[in-house]
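Here's the structure we're looking at; comments come further down.
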Amino acid sequence: NKKRFPNPEEFFKRMSEMGINVIPNMKPGILPNHPYMKDFLEADAFIKDPEGDKDYVGRWWGGYGKFIDFTKESGRKVWGDLLKKTLLMKGSKTVWNDNCEYDGVEDRLARVDNNGRGGNMAELKIIHSNMMAYVAKKALAEVYPNERPYIINRAGFAGIQRYAQVWGGDNLTSWDTLKYNVATIIGMGLSGVANMGCDIGGFAGMAPEGELLLRWIQSGIFQPRFCMNSANNDNTVTQAFMYEEYMDEVQEAYALRYRMIPYLYSLMREASLYGTPVIRPLFMEFPEDVNTYNDKNLTFMLGGGVLVANVLEKDADIRKIYLPVGSLWYDMNDNFKEYHGGQIVYIDVDSHSIPMFLRDSAIFFTTEDIHQASMDVAKQYDFVISAKDDVRFNIYDDDGHSKDYEKGMYLNTEVSVKAGDVTTIHFEKTGDYEESIEKITLKLVNKKKGALWV
């Protein structure tokens, strides 16, 4: 709307004021009528045919295209310069690299520069994904030197987590895919890529039925990347509010996601420091329990303290859950009912159910204050703590976007719990970021007796 947004700069500015981060979609293939084709040709920026003397031409969106060689210095430079000129300097602070697995280059013998050393796509195809993200990170740093880069990639080689968030590509809408995606995210976390998710409701195929979409949302709220993105065959767009009969359940799931944002942010900070997954297989936390290696129920640990067992089957009224040996488990949806580890339990479920169990030594917290993730600030934290043994957790907070945390502008609160006849909960803060919390509530799971004093 040119009356409301006369130029791109005004558009990005207005969206930012409303807390909306506009994310342009970038693809590495260039059609013949691309407005900057001349720039790319002058830089000799394209992948070559197997003979190495002509630009490779392959099928692409809207026709046939040529493809940027990100292993070549001039290819990286012209892409980065145009990225800055056409988007970043106009106000965009995010880059979304789509189709960066280079499926349009079908000839594996197509030639690439490889920084002057030469090579072909059979050897170096997937490197382009990382280099495309690297160029975006470098361009963002040049335009916004004190902003953290936010880059999204559809593909990547080992090390992609240093540059971009990733997702699971064009997944098919089906009940099977819902389950496969959980396994995919667990596997990616074990491979060092914690910032991961899959399209909620599926990308390709028919629109998801109401129950499938609900269960996908209830599963997706635990994923670092929680996003709907669809190209449905029936010309619909998958949206959370598609089915009125499930709106209460959908709103409950979204509300839980927002309550967990400070907890998830702290887990992402931990992942950035130590490479630990946000969503973890049971055997990572309970390696001595051989049953956790063969568990087919697609339960997982959210951090180290909460077991999640989403409902992933159509028309389910019971959820089968294996609870690992080495812990007692407290049902977070049933007044912290206690279960011994090392057994399979069967929990009654309905459309509202998101089964979650607290480990017997764990720290979990939420807030009711965040409804707009980029603008709202938590004023109160609500803790639930179990303390069979000593346990600790680091709550991390900063401004959410700048690099000021590198100069000490962060707040790390180590919550340490000492178990015993008297349970001691201690908060130790480091960093110079101003604390927003004005009130905390504490729930201590103690099956022996009520609190004598606090």
Side-chain angles (χ1 to χ4, degrees), residues 24-32 34 36-37 39-84 95-142 149-170 184 187-196 275:
N25 181 287
M26 310 294 295
K27 301 179 189 294
I30 307 301
L31 295 173
H34 193 284
Y36 293 100
M37 176 59 82
D39 298 71
F40 292 117
L41 290 173
E42 289 178 351
D44 194 21
F46 297 120
I47 291 170
K48 302 299 181 182
D49 63 14
E51 289 71 36
D53 53 0
K54 294 180 181 178
D55 295 335
Y56 180 88
V57 177
R59 59 182 180 84
W60 199 234
W61 298 101
Y64 285 87
K66 300 181 180 183
F67 302 88
I68 304 300
D69 185 353
F70 282 101
T71 75
K72 188 173 187 177
E73 184 177 356
S74 63
R76 295 192 294 271
K77 185 178 187 309
V78 67
W79 184 269
D81 288 346
L82 288 172
L83 183 61
K84 289 185 288 185
V95 176
W96 176 7
N97 292 326
D98 203 2
N99 299 100
C100 53
E101 65 283 345
Y102 276 63
D103 57 326
V105 183
E106 296 178 290
D107 193 330
R108 291 166 57 81
L109 298 181
R111 303 297 298 173
V112 297
D113 181 76
N114 192 20
N115 285 338
R117 294 187 293 269
N120 59 44
M121 289 295 277
E123 302 163 329
L124 298 165
K125 185 174 186 178
I126 198 60
I127 294 294
H128 286 83
S129 306
N130 287 34
M131 295 307 296
M132 191 176 182
Y134 169 82
V135 171
K137 184 175 181 179
K138 185 171 181 288
L140 282 162
E142 291 169 0
Y150 182 23
I151 301 160
I152 308 169
N153 259 44
R154 195 168 92 169
F157 188 65
I160 188 61
Q161 67 269 22
R162 291 178 290 179
Y163 308 121
Q165 179 190 71
V166 299
W167 84 101
D170 294 350
T184 297
M188 289 292 284
L190 288 174
S191 301
V193 185
N195 200 347
M196 164 70 179

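Considering Val135, Ile151, Val166 in turn, Ile151 is the only one that fulfils the side-chain contact (heavy atoms from CB on, under 4.5 Å) rule with Asn97.
Arg76 contributes atom CZ, which lies 7.0 Å from atom OG1 of Thr71 (distance to the nearest 0.5 angstrom). Taken from CD1 in Ile152 to CH2 in Trp167, the straight-line distance is 7.5 Å, to the nearest 0.5 Å.
With sequence neighbours left out, the ring pair (Phe, Tyr, Trp, His ring centres under 6.0 Å) criterion links Phe70 to Trp79. Listed by chain and number, the residues in a side-chain hydrogen bond (donor to acceptor under 3.5 Å, both in side chains) with Arg162 amount to none (sequence neighbours excluded). Shown here are the side-chain hydrogen bond (donor to acceptor under 3.5 Å, both in side chains) partners of Gln161, two or more places apart in sequence or in another chain: there are none. Partners of Asn99 according to the side-chain hydrogen bond (donor to acceptor under 3.5 Å, both in side chains) rule, which considers only residues two or more places apart in sequence or in another chain, are Lys27, Trp61. Legend: residues meeting salt bridge (Lys or Arg N to Asp or Glu O under 4.0 Å) with Asp81, ordered by chain and number and at least two apart, are Lys77, Lys84.
Note on residues 123-138: pairs passing side-chain hydrogen bond (donor to acceptor under 3.5 Å, both in side chains), not counting sequence neighbours, are Asp69-His128, Lys138-Glu142.
Checked by atom type and distance alone, the side chain of Tyr102 never pairs as donor or acceptor with a backbone atom of Gly29 at under 3.5 Å.
Checked by atom type, the side-chain pair Asn25/Arg154 shows no donor-acceptor distance below 3.5 Å.
Under the 4.0 Å criterion applied to side-chain N and carboxylate O atoms, Asp44 and Lys48 are assigned as salt-bridge partners.
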